[in-house]
Structure formats: C-alpha cells, structure tokens
Amino acid sequence: MLKKFICTALSFVLAASLLSGCGAPAEEGSEGVSGTQDTSSGEPEGTDSEEQESESSDTSSEAADGGGESEQPPILKDAVMDIMGCRIGCAATEGELKDEKVWEIITTHFNAITFGNELKPDAMVGYSVGKCPGTEEAELNGETIVVPKLDYSRAERMLDKIYDWNEAHPDDKILVKGHVLVWHAQTPEWFFHVDYDKNKDYVDKETMNKRLEWYIRTMLTHFTGEESKYKGMFYGWDVVNEACSDGNHVYRTDSENPDESLSEDRHGSNSSWWHIYQSNEYIINAFIYANKYAPADLELYYNDYNECMGTKVGHITELLTEIKSREGEPGVGTRITAMGMQGHYSMDSPKFNDVDYAIRQYAKVVGNVQFSELDLKASADYDGSDEAKETEYQKQYARYKLIYNVMQTENEAEDINITSITFWGTADHYSWLQNSSNVGGGSTGNLPQCPLLFDENYQIKPAFYAFTEKKLN
C-alpha cells in the first residue's frame with residue numbers, strides 16, 4: 001500500500017508541475033475559484049531534494065500512508081515553523097470546540113485559531129438579524145449616540161477555553177485571529193437604517209461613520225484593550241472582508257446580484273455599505289478606526305476570496321494600494337499588515353502560476369501575505385465511497401503539495417513574507433462545504449466533500465503530510 005501510494009501521489013505531483021508551473025503572470029480574465037465565503041447562513045450548530053528523494057528517505061512516502069504503523073506523525077505546527085517560519089491555524093466554531101477530539105487536534109497541531117462565526121457582526125447581536133435586540137447609549141468623541149446592545153457570550157466562551165489552555169501551557173499557547181469587523185454578509189440589514197429598523201430609511205454617511213467607529217472601537221477595546229481579560233490573546237484582526245467585486249467594477253456594490261434584494265435580513269452578495277457610501281470610503285475609514293483603537297502590535301488585514309482570479313487580483317491590488325497610501329499615525333491614518341488570501345480552492349482551479357502571481361502582486365503593496373481560509377473542494381466525480389476516497393486523497397495530497405510548494409518558493413523571496421496559513425476547519429465532517437450556502441465559494445450541498453487535513457474519524461489524511469515536507473525542486 002505504501003509503495004502504491006508513493007508512486008501514485010508523486011505521479012500526480014509531477015503531472016501537476018508540468019501542467020501548472022509557477023512563476024508566469026496570470027492571464028487577464030483567467031478563471032479563479034468560483035466564489036468563496038466564510039460560512040453558511042444562520043446560527044451555527046457546531047458546524048459552521050536536488051533530485052526526487054529515494055523511497056526509503058522520502059518524507060512523503062511514509063506521510064501519505066499515515067506515517068507507518070510504528071511511527072508517530074510529526075507535529076504540524078513544528079514542521080511548518082521549521083519550513084516556513086510562520087504560524088499555522090485552523091477555523092472552528094463554538095460547537096467544534098466542545099468536541100474534545102477536535103480540541104485535541106487543535107492543541108496538538110495548531111498554534112492559531114480563527115472563530116468560524118462567533119466574532120462576526122450577526123453573532124455579536126445574538127443572531128438577532130431580523131430585528132435589533134435593543135439599544136443603549138454610548139459616548140463617542142464627546143457625543144452621546146444610540147447603539148445596539150452587543151452579546152459577547154459566544155466568543156467569550158471560546159476565548160475562555162483557549163485562555164485556560166494558555167494559562168496551563170505558557171510555552172504552547174494558541175493565539176486568535178479576529179474575524180471580521182466589516183463585512184457585507186452576516187451584518188444585519190437593520191444596522192444600516194434609521195432607528196435600527198430596516199423598514200425605515202437608510203442613514204446618511206455621517207451617521208454610519210459614527211456607527212462604524214463605535215463598533216470597531218467597542219470590539220477592539222473589549223477583546224484587545226488594556227483592561228481586557230483577553231489582552232495579548234489576539235495576534236491580528238480582519239478589518240474588512242470581501243469588499244472587492246468579482247465583476248468588471250472594482251468594488252462590491254449594492255447590485256452585485258440583481259436577484260438579491262437589499263431588504264433581506266443579511267446579504268450573500270450585495271453590500272449595504274456600498275449603498276450608503278457609493279464609494280470605498282467606508283473601507284478606508286474602517287482601517288483608520290482600526291488603527292486608532294487597536295494595540296500597536298495587533299496585525300490588521302484585508303481578506304478576500306477569488307483572490308487569484310485575473311481581474312480580481314487587479315481590483316484587490318488597487319484597494320490595497322489606496323489603503324497603504326493613506327497610512328499614518330493612529331487617529332489620523334490607516335494601517336494594514338497583510339493581505340489575507342482566503343484560499344478556497346478546487347482540485348483544478350486556480351492554476352499554480354495564478355497563485356504565485358497573486359502572492360507577488362499583493363506583496364509588492366503590503367509585503368506580508370497570509371492564507372487565511374484554506375480548503376479544497378472535491379473533484380466533481382467524487383462520490384464519497386471508500387474506493388473514491390483512496391483516489392481523491394492521493395489527488396488532494398498532490399494538489400496541496402504543489403500549493404505548499406508555491407508558498408515556500410515565494411516565502412524565500414526577499415520582499416515576500418508568508419506570515420500564516422489557516423485551514424478553514426479541522427475535520428472534514430465539520431467543513432462549511434458540507435452544507436448548502438448562498439454565499440461565494442459555498443457548496444450546493446449535493447456533493448460529498450473532504451477538504452481538510454483530518455477525516456470524519458479525526459484521523460490524519462495524506463494531505464496532512466504535504467505540509468510537513470519541504471518543497472520539491
């Protein structure tokens with residue numbers, strides 16, 4: 001079985017190398033992944049060598065077959081740190097953290113975590129997306145404003161579990177990435193309206209700026225401020241998510257999907273942020289406010305999907321350039337640390353040279369790049385059977401191997417830093433791709449999926465070992 005896998009897996013890798021070599025620019029208009037987003041709608045229920053080495057010494061040979069009967073698998077976070085010098089993370093929801101087998105995977109193999117849903121705007125209002133859950137007064141820049149009541153409980157339960165782990169394991173801490181402050185999806189529609197009532201008019205830009213600043217200040221102060229229990233637990237935060245268009249215009253508008261009404265409680269494609277501002281002003285303001293209230297060592301990101309698609313690479317690069325050009329002192333200018341390439345890929349898209357090109361374009365502007373939501377959709381003919389799994393797992397190993405090869409190659413460049421790799425989940429059965437979603441990069445729900453490094457039995461898959469190996473030369 002071991003030699004069979006070696007031959008098969010390496011043949012996939014070498015074939016992929018010949019077909020999709022790195023280094024060439026992406027062709028304008030080339031196909032990227034079809035839409036990628038973070039989660040399905042609704043409150044989650046626990047889901048959201050110089051030469052090829054010889055078989056006797058090749059890491060992948062033992063890897064792909066589970067590392068052999070008598071050998072323990074490597075620790076993923078140690079391997080990635082040794083090879084890439086960066087953190088390795090996963091996404092998880094509150095329900096997943098209650099699964100002790102998932103918790104064991106996280107504490108063994110990862111040193112970073114992104115909450116799948118629990119720090120998104122809808123979660124912060126208790127998933128009261130149809131109606132504002134109540135209001136209270138807050139002071140902002142010497143003015144009293146009315147704001148919605150926030151519910152920190154879901155995020156805090158997760159943070160408390162991680163906090164306790166970190167206290168007990170000071171040399172093996174898990175850090176958190178905040179996700180996300182500003183997003184067109186999973187932000188209740190009422191947040192944009194007079195009196196927080198979606199049946200009333202939209203507020204003006206001045207009012208929306210106050211709400212935007214209050215929300216960013218409140219979130220960053222509560223979770224990262226000097227008086228916060230969780231101070232020092234967060235390494236970074238996604239400030240703005242998916243604000244660029246997949247179409248011909250640069251930014252996501254209020255008519256991205258003509259079939260989606262702006263009166264919907266929360267959106268899959270259309271942006272009520274754009275509806276009010278009709279420009280990227282809210283994006284720039286979000287980075288100004290984040291810079292104003294975030295600790296100086298908190299990394300700040302822009303995050304997006306289809307990030308290797310030819311036209312969208314240009315859109316994202318234009319946005320990053322403007323954010324970067326406005327950098328300045330806290331309270332005055334913006335600050336951006338890295339571009340988050342979500343990495344919701346399929347078995348045949350994007351091409352490796354497109355991934356390579358995108359990394360280089362973004363790094364020219366911001367220097368640092370991270371893969372923030374990495375997973376792989378299954379092949380179109382994958383049916384989930386045991387026989388199909390054997391083939392699919394080999395293909396998946398090869399695909400991940402070449403993606404990681406691109407990461408390593410670019411990370412060696414003088415002006416490019418890959419600062420983190422985060423998988424969008426842990427075990428396959430919890431993946432968001434198992435459920436139908438109307439947001440970009442989602443799934444029809446009709447096809448079985450196996451996108452991650454651990455299977456439905458919490459066992460290491462061949463793909464795991466792709467990330468413990470140094471690149472092919």
Side-chain angles (χ1 to χ4, degrees), residues 32-33 36-38 76-77 79-92 109-116 119 174-183 233-244 287 290 294 297-308 312-313 316-317 319-320 323-324 334-345 350 352 354-376 400 403-413 415-425 441 452-453 466-467:
V33 310
T36 63
Q37 205 96 354
D38 300 6
L76 183 62
K77 59 191 174 187
V80 171
M81 180 57 69
D82 180 59
I83 295 169
M84 293 285 291
C86 72
R87 65 179 68 91
I88 183 81
C90 63
H109 290 290
F110 297 99
N111 52 29
I113 187 170
T114 302
F115 294 178
L119 285 168
I174 299 170
L175 297 181
V176 182
K177 186 180 81 167
H179 178 75
V180 53
L181 295 173
V182 179
W183 191 26
M233 287 182 62
F234 286 81
Y235 68 87
W237 214 293
D238 289 328
V239 178
V240 179
N241 197 47
E242 301 172 2
C244 289
F287 278 92
D297 60 352
L298 185 74
E299 299 177 2
L300 303 177
Y301 316 122
Y302 175 70
N303 194 55
D304 216 328
Y305 72 99
N306 267 355
E307 76 283 357
C308 300
K312 195 167 182 179
V313 172
I316 295 172
T317 302
L319 173 58
L320 295 177
I323 297 171
K324 189 72 176 177
T334 63
R335 177 164 66 87
I336 183 168
T337 310
M339 165 63 194
M341 298 176 61
Q342 288 188 10
H344 292 298
Y345 301 153
F352 297 107
D354 291 343
V355 179
D356 178 79
Y357 178 71
I359 293 172
R360 286 187 276 119
Q361 292 302 107
Y362 303 142
K364 284 180 184 178
V365 183
V366 294
N368 300 321
V369 175
Q370 57 182 265
F371 285 78
S372 56
E373 305 181 16
L374 190 60
D375 56 19
L376 283 180
Y400 270 135
I403 291 172
Y404 197 40
N405 199 63
V406 173
M407 293 184 193
Q408 292 180 58
T409 298
E410 289 305 326
N411 199 47
E412 293 170 355
D415 299 323
I416 300 175
N417 296 305
I418 308 294
T419 58
S420 67
I421 304 167
T422 295
F423 291 89
W424 204 244
L452 301 167
L453 305 188
F467 293 88

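Worth knowing before you read on, the calculation uses all heavy atoms, side chains too, and leaves out hydrogens, waters and symmetry mates. None of these values were measured; they are calculated from a predicted model.
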Mind running side-chain contact (heavy atoms from CB on, under 4.5 Å) on Y301 and I336 for me, showing each step along the way?
CA-CA 6 Å; Y301 316 122; I336 183 168; 5.9 Å; no
Could you walk me through whether F352 and N405 satisfy the side-chain contact (heavy atoms from CB on, under 4.5 Å) test, starting with their C-alpha distance in whole Å, then the side-chain angles of each, then the deciding distance to 0.1 Å, before giving a yes or no?
CA-CA 9 Å; F352 297 107; N405 199 63; over 6 Å; no
Do the non-hydrogen side-chain atoms of [X] and [Y] ever get within less than 4.5 Å of each other?
{"X": "M407", "Y": "V80", "result": "no"}
{"X": "L76", "Y": "F110", "result": "yes"}
{"X": "C90", "Y": "H109", "result": "no"}
{"X": "I403", "Y": "L376", "result": "yes"}
{"X": "T317", "Y": "Y362", "result": "yes"}

Given side-chain contact (heavy atoms from CB on, under 4.5 Å), test I359 with M341 step by step and report yes or no.
CA-CA 8 Å; I359 293 172; M341 298 176 61; 3.7 Å; yes
In Å, rounded to the nearest 0.5 Å, how long is the span from [atom1] of [X] to [atom2] of [Y]?
{"X": "W237", "Y": "L298", "atom1": "CH2", "atom2": "CG", "answer": "7.5 Å"}
{"X": "T409", "Y": "I418", "atom1": "OG1", "atom2": "CD1", "answer": "10.0 Å"}
{"X": "I316", "Y": "M339", "atom1": "CD1", "atom2": "CE", "answer": "4.0 Å"}
{"X": "C308", "Y": "Q342", "atom1": "SG", "atom2": "CD", "answer": "11.0 Å"}
{"X": "I113", "Y": "R87", "atom1": "CD1", "atom2": "CZ", "answer": "14.0 Å"}

Can you tell me how the ring of H179 sits relative to the ring of W183, calling it parallel under 30°, perpendicular over 60° and tilted otherwise?
tilted
Does [X] reach the main-chain N or O of [Y] with its side chain, forming a donor-acceptor pair under 3.5 Å?
{"X": "N111", "Y": "I88", "answer": "yes"}
{"X": "Y302", "Y": "F287", "answer": "no"}
{"X": "E307", "Y": "K312", "answer": "no"}

Shortest non-hydrogen contact from [X] to [Y]?
{"X": "L452", "Y": "L374", "answer": "CD2-O, 4.2 Å"}
{"X": "L300", "Y": "A294", "answer": "CD2-CB, 4.2 Å"}
{"X": "R335", "Y": "E299", "answer": "NH1-CA, 4.4 Å"}
{"X": "A358", "Y": "V313", "answer": "CB-CG2, 4.2 Å"}
{"X": "R360", "Y": "E410", "answer": "CG-OE1, 3.2 Å"}
{"X": "Y235", "Y": "A112", "answer": "CE2-CB, 3.8 Å"}

With sequence neighbours excluded, residues passing salt bridge (Lys or Arg N to Asp or Glu O under 4.0 Å) with K364:
none
Holding to salt bridge (Lys or Arg N to Asp or Glu O under 4.0 Å), I want the full list of residues that pass it with D238, two or more places apart in sequence or in another chain.
K177
Using the test ring pair (Phe, Tyr, Trp, His ring centres under 6.0 Å), find all partners of F467 that sit at least two apart in sequence or belong to another chain.
Y400, Y404, F423
In T114, N303, D304, N241, the residue satisfying side-chain hydrogen bond (donor to acceptor under 3.5 Å, both in side chains) with S372 is N303
